[in-house]
Amino acid sequence: MSIEIVTADITRLDVDAIVNAANTSLLGGGGVDGAIHRAAGPALLEACRGLPQVQPGVRCPTGEARLTPGFNLPARYVIHTVGPVWRGGAHDEASLLASCYQQSMALAIEHAVESIAFPAISCGIYGYPPELAAPLALRNLRVAQEGIAPIRVLVCCFSPSMASIWQAALNDAG
Ligand code: AR6
């Protein structure tokens, strides 16, 4: 098992895949989504546009994941996932966030990814408390790594304060 917490701009990381905290349209937005689209270039938007809509305007329902090439990024792939909006915790937020990590890891394994970086999905604009998101994410990442060839998993935080919350959760998990 290998999980590391780093403080960095995820678009700069030299890994096989980076995960995008997207919205259901997959057509870009603010936060890490905006940064990934800017760094990958316009071909990423075209690739996302080409993904099938499961409902009008929805290319990836909340809790699911989709894979595209990374285009101008150092990463070969972008795995787009849509975290839940935090609405107090009684609206399935935890199981939807768990599903983001599970589905992203399943796609990574399917594509023989050897290293992958996750942002703190839902912990920005979507308002998920990071103290609750971190242990849940790490638990799911650990389970996803059981019984497979080792994958290097990074959680890429954008600020030292976010990284310290994730590092504490990693330390607590032993
Ligand atoms: N590298 C790593 N982490 C980053 C970067 C970066 N370049 N930029 C921001 N973060 P957010 P969400 C951190 O809001 O909460 C978009 O508009 C950020 O500080 O990007 O899942 C989508 O289109 C925070 O800790 O994602 C959706 O509409 C974490 O990434 C919505 O935001 C996630 O924050 C998704 O909201």
Side-chain angles (χ1 to χ4, degrees), residues 3-42 44-49 51 53 55 57-68 70-75 77-89 91-105 115-138 140-141 152-170:
I3 302 177
E4 293 161 57
I5 313 299
V6 298
T7 306
D9 175 351
I10 201 168
T11 66
R12 304 295 193 89
L13 295 182
D14 192 7
V15 287
D16 290 342
I18 64 171
V19 176
N20 182 16
N23 60 67
T24 58
S25 76
L26 297 188
L27 297 184
V32 71
D33 193 6
I36 289 172
H37 275 272
R38 279 193 299 278
L44 180 60
L45 183 59
E46 283 319 300
C48 288
R49 244 189 245 291
L51 294 170
Q53 298 187 37
Q55 285 168 49
V58 175
R59 292 177 184 77
C60 183
T62 303
E64 295 191 14
R66 300 288 186 270
L67 181 137
T68 65
F71 299 101
N72 295 341
L73 290 163
Y77 301 115
V78 179
I79 295 173
H80 308 261
T81 190
V82 182
V85 175
W86 179 259
R87 293 194 287 147
H91 294 86
D92 245 11
E93 291 96 328
S95 59
L96 289 166
L97 187 62
S99 172
C100 288
Y101 286 94
Q102 290 159 8
Q103 291 212 8
S104 297
M105 285 296 289
S115 56
I116 182 169
F118 284 83
I121 300 163
S122 283
C123 292
I125 295 164
Y126 281 0
Y128 207 115
E131 293 81 359
L132 301 179
L136 178 144
L138 295 171
N140 281 279
L141 289 173
R152 183 174 179 227
V153 176
L154 307 181
V155 177
C156 178
C157 297
F158 206 38
S159 67
S161 59
M162 181 66 84
S164 70
I165 292 169
W166 283 75
Q167 190 62 55
L170 187 62

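The first residue in the sequence is number 1, and the count goes up from there. Ligands are counted one by one from 1 in listed order, and the atoms in each one are counted from 1 as well. Just so it is clear, the values below take in all heavy atoms, side chains as well, and ignore hydrogens, waters and symmetry mates.
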Please set out all donor-acceptor pairs under 3.5 angstrom arising from side-chain atoms of residues 27-40, sequence neighbours excluded.
| unit_1 | atom_1 | unit_2 | atom_2 | d |
| --- | --- | --- | --- | --- |
| D33 | OD1 | N20 | ND2 | 2.8 |
| D33 | OD2 | G29 | N | 3.3 |

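Under the ring-ring contact (aromatic ring centres under 6.0 Å, His included) criterion, F71 pairs with no residue at all, not counting sequence neighbours.
Between the side chain of T24 and the backbone N or O of V58 there is no donor-acceptor pair closer than 3.5 Å.
Counting only residues at least two apart or on different chains, the side-chain hydrogen bond (donor to acceptor under 3.5 Å, both in side chains) pairs with a member in residues 8-17 are D9-T11.
The structure places CD of Q103 at 4.5 Å from OG of S99, a figure rounded to the nearest 0.5 Å.
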Between ligand 1 and the protein, tabulate every N or O atom pair separated by less than 3.5 Å, reporting distance only.
| unit_1 | atom_1 | unit_2 | atom_2 | d |
| --- | --- | --- | --- | --- |
| ligand 1 | 1 (N) | I10 | N | 3.0 |
| ligand 1 | 7 (N) | D9 | OD1 | 2.9 |
| ligand 1 | 14 (O) | I125 | N | 2.8 |
| ligand 1 | 15 (O) | S122 | O | 3.4 |
| ligand 1 | 15 (O) | G124 | N | 2.9 |
| ligand 1 | 15 (O) | I125 | N | 3.1 |
| ligand 1 | 15 (O) | Y126 | N | 3.0 |
| ligand 1 | 17 (O) | G30 | N | 2.8 |
| ligand 1 | 20 (O) | V32 | N | 2.8 |
| ligand 1 | 21 (O) | S122 | N | 2.8 |
| ligand 1 | 23 (O) | N23 | ND2 | 2.7 |
| ligand 1 | 23 (O) | D33 | OD2 | 2.7 |
| ligand 1 | 28 (O) | Y126 | OH | 3.2 |
| ligand 1 | 34 (O) | G124 | N | 3.4 |

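Considering every non-hydrogen atom in both A98 and L136, the closest pair reads N-CD2, 3.6 Å.
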